[in-house]
Protein chains: 2
Amino acid sequence: MKRPTLEAVAARAGVSKSSVSRVVNGQATVTPEIRELVMRAVKELGYVPNPAARSLVTQRTDAIAVIVSDPPAGLVSDDPMFSMVVRAASRELEAAGKQVVLMLAGSPESHRRVERFVSAGHVDGVMLVSMHGADPLPAVLARLDLPMVSHGRLGVPVDVPYADNDNLGGAAQAVRHLLEQGRRRIATIAGPLDMTASQDRLTAYRETLRDTGRRSIVAIGDFTRISGVEAMRQLLQDDPALDAVFAANDLMAIGALRTLREAGRRVPDDVAVVGYDDIEASLYSDPPLTTVRSPMGDQAAATARLLLGLLEGGPAEPVILPAELVVRESA
Amino acid sequence: MKRPTLEAVAARAGVSKSSVSRVVNGQATVTPEIRELVMRAVKELGYVPNPAARSLVTQRTDAIAVIVSDPPAGLVSDDPMFSMVVRAASRELEAAGKQVVLMLAGSPESHRRVERFVSAGHVDGVMLVSMHGADPLPAVLARLDLPMVSHGRLGVPVDVPYADNDNLGGAAQAVRHLLEQGRRRIATIAGPLDMTASQDRLTAYRETLRDTGRRSIVAIGDFTRISGVEAMRQLLQDDPALDAVFAANDLMAIGALRTLREAGRRVPDDVAVVGYDDIEASLYSDPPLTTVRSPMGDQAAATARLLLGLLEGGPAEPVILPAELVVRESA
DNA sequence: CTGAAAGCGCTTACAG
DNA sequence: CTGAAAGCGCTTACAG
């Protein structure tokens, strides 16, 4: 049984295809009687417009590509970021009647696929998620001249509107909290340095310490738990006497906690730990994590709304959400 | 600048549109010279086929809807399941040249959206993820007569092929491990009972205990950490002397660990804890979790491959992946 | 092997 | 307000 077409509905209702189209698309200029006739025929036939046909003439797709940078295989993780951001963005986009096409951009091969896909006109707009600064994709896509936004500021000189949280302010709060506790040797575990969030959090750490005469003690991770484990080992080796650590995200803080436990250091007595993000897991670590709340869901929703605004010809002002320290037991 | 069309390429190459179409679609019946001419024109013009036009005539979309049941707002969680499953499925599908349209199915409203979307012919196939037994969506979609698979067996009498893990066998291993340790009072925290995975894990728990003369001690959770916290409290109240608990997933086990810590019980000395799933977080709990490994990524990939097979007219045999106990420190 | 033509199912000026 | 007609950009029998 083939699906009914506009033409079938028109025949059934005894009106022209034009009228059916107008009714289906909710145009005002239709007599109530005709509208009634059409509505009934639509219902009886179970008519649903063919999106390909519609899109062919309107040149719109009502689809949005959500492009998430994916680490090369092997580095699979259950990244809570992915879940929260993709979910929140999907909700926002779906509520606006857009469909979400999810694309993982990891390998060079997938980059080509994404580029082809977007340039084929499959989507009306693009939302970038957790792009690394070194990634050439944003620049390539920018040339396609489609509405595009980024979840988090980009590290490349491409003018893409974004929603972000106040990384500088949030990290500064974390470090000040440690200072107020009288901690003397405050280390940090930075995130991947090709991401702006990592850069900003590290910058704030350094600047907040500078005025106090303390020196920076830095190890670099990549936002995964295991990198937190290793970075913490490195820090302990670099300065066995450290008494505090600010991790650039909660996952690494959780890794650091494991290392500290294995090293026999008590948290927060011997070493205070502060994370960043306030993911749900931070409530379940032992001890529960003091962290900086920067609701990724809200940020993702804001990014999605920015794109929706752009699609309607709205402004492209970046949005910065506030970040707030949440004190629990680890510091 | 409008995007070039097939026609423009034909004009440039000095051949017919038919020939261009054949070359672009890789049909064999084309002279090398013509192919060469067309290839060059395609390159020079930067031609990319219009998917809407193509889809209109072929009646295919090369798109797959991945439908994930989403809890009503408020119940947002950073569910590692979502991340692992969606990622793994996307990789598999994208590698096969399919695009992934992600749809969240929570509210009745979103159900209607999903139904409309699928019946409009937007996609060639459907992959269901973590459907609850009470959910009417699978039955509704089944009527649309599209290739459809489910990540995990469905709880409704709808014949949808699936990939699952050996829930019965995995849970039995977990409980036997506890028995072998000589545990006397073994409780369980079950998952939501309208999901087949929960049902099977609970059934295996009961049956494994039955032969030993021990009685069942059951609390019900919903696969979230907080539900594990609460279920564990309930359990402790029901039987203060319990000495082991099998949680139907790791998230709830992690919640249970928190309750036990707060209650001053040592794990595993006083109470042994076993989880299920072997998510990455189970390596970071204190103590690290003994659990059942059932790689969700593999299961998702298997589900995706099942759908790809179906699209090619392949068989629809369910796939059951083995589950294996991973002994760490919590039991 | 190649090309002219029909047709996929819509929307949208344009007349009336 | 309504309808006939053109056209969106492809693919695919059908002749030659």
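Chain naming here is simple, since letters A, B, ... match the order of the sequence lines and numbering starts at 1 in each. Any value given below was found using the heavy atoms of this structure, including those in side chains, with hydrogens, waters and symmetry copies removed.
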Compare side-chain N and O positions of [X] against OP1 and OP2 of [N] and report whether any pair is under 4.0 Å apart.
X	N	answer
A:Ser16	D:dT2	no
B:Asn50	D:dC8	no
B:Ser19	C:dG3	yes

Legend entry - Out of D:dG9, D:dG3, C:dT12, whichever nucleotide has its closest atom nearest the side chain of A:Thr58: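 Out of D:dG9, D:dG3, C:dT12, the nucleotide with an atom closest to A:Thr58's side chain is C:dT12.
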Inset, instruction - Could you work out which one of C:dC10, C:dT12, D:dT2 sits closest to the side chain of A:Pro49? - result: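 Selected nucleotide: C:dC10.
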Legend entry - Chi angles and distances behind the salt bridge (charged side-chain N to carboxylate O under 4.0 Å, His left out) call for B:Asp62, B:Arg60: CA-CA 6 Å; B:Asp62 287 329; B:Arg60 290 187 308 111; 2.8 Å; yes
Nearest-Å distance, [atom1] ([X]) to [atom2] ([N])?
X	N	atom1	atom2	result
B:Ile34	C:dG3	CD1	C1'	10 Å
A:Gln59	D:dC10	CD	P	10 Å
A:Leu56	C:dC8	CG	C1'	9 Å
A:Leu6	D:dA5	CG	P	17 Å
A:Asn25	C:dA13	CG	P	13 Å
A:Arg60	C:dC10	CZ	C1'	13 Å
B:Lys17	C:dT2	NZ	P	17 Å
B:Glu7	D:dT11	CD	P	13 Å

Legend entry - Flag, side chain of B:Thr31 to backbone of B:Glu33, donor-acceptor distance under 3.5 Å: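 No, because the side chain of B:Thr31 does not come within donor-acceptor range (under 3.5 Å) of the backbone of B:Glu33.
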Legend entry - Partner nucleotide, any strand, of C:dA4 [Watson-Crick/G-U, under 3.5 Å]: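 Pairing partner: none.
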Inset, instruction - Tell me the partner of C:dA13, counting only Watson-Crick (N1-N3 plus N6-O4 or O6-N4) or G-U wobble (N1-O2 and O6-N3) with both under 3.5 Å; none if nothing fits. - result: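 Matched C:dA13 with nothing under the 3.5 Å cut-off.
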Inset, instruction - Name the residue closer to the 5' end of DNA chain C, choosing between B:Val57 and A:Val20 according to the nucleotide with the nearest heavy atom. - result: B:Val57
Legend entry - Flag if over 12 foreign heavy atoms under 6.0 Å of CD, A:Glu44: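 Check passes, neighbour count above 12.
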Inset, instruction - Report the C-alpha distance between B:Asp135 and B:His111 in whole Å, list the side-chain angles of each, state the deciding distance to 0.1 Å, and finish with yes or no for side chain to side chain donor-acceptor pair (under 3.5 Å). - result: CA-CA 10 Å; B:Asp135 200 317; B:His111 270 65; 2.8 Å; yes
Inset, instruction - Over 60° means perpendicular and under 30° means parallel, so classify the ring planes of B:Phe117 and B:His122, tilted if in between. - result: parallel
Inset, instruction - Mind checking A:Ser18 for me? I need base, sugar-phosphate or nothing, with any heavy atom below 4.0 Å counting as a touch. - result: base
Legend entry - Donor-acceptor pair present, A:Arg22 side chain and D:dG3 base, under 3.5 Å: yes
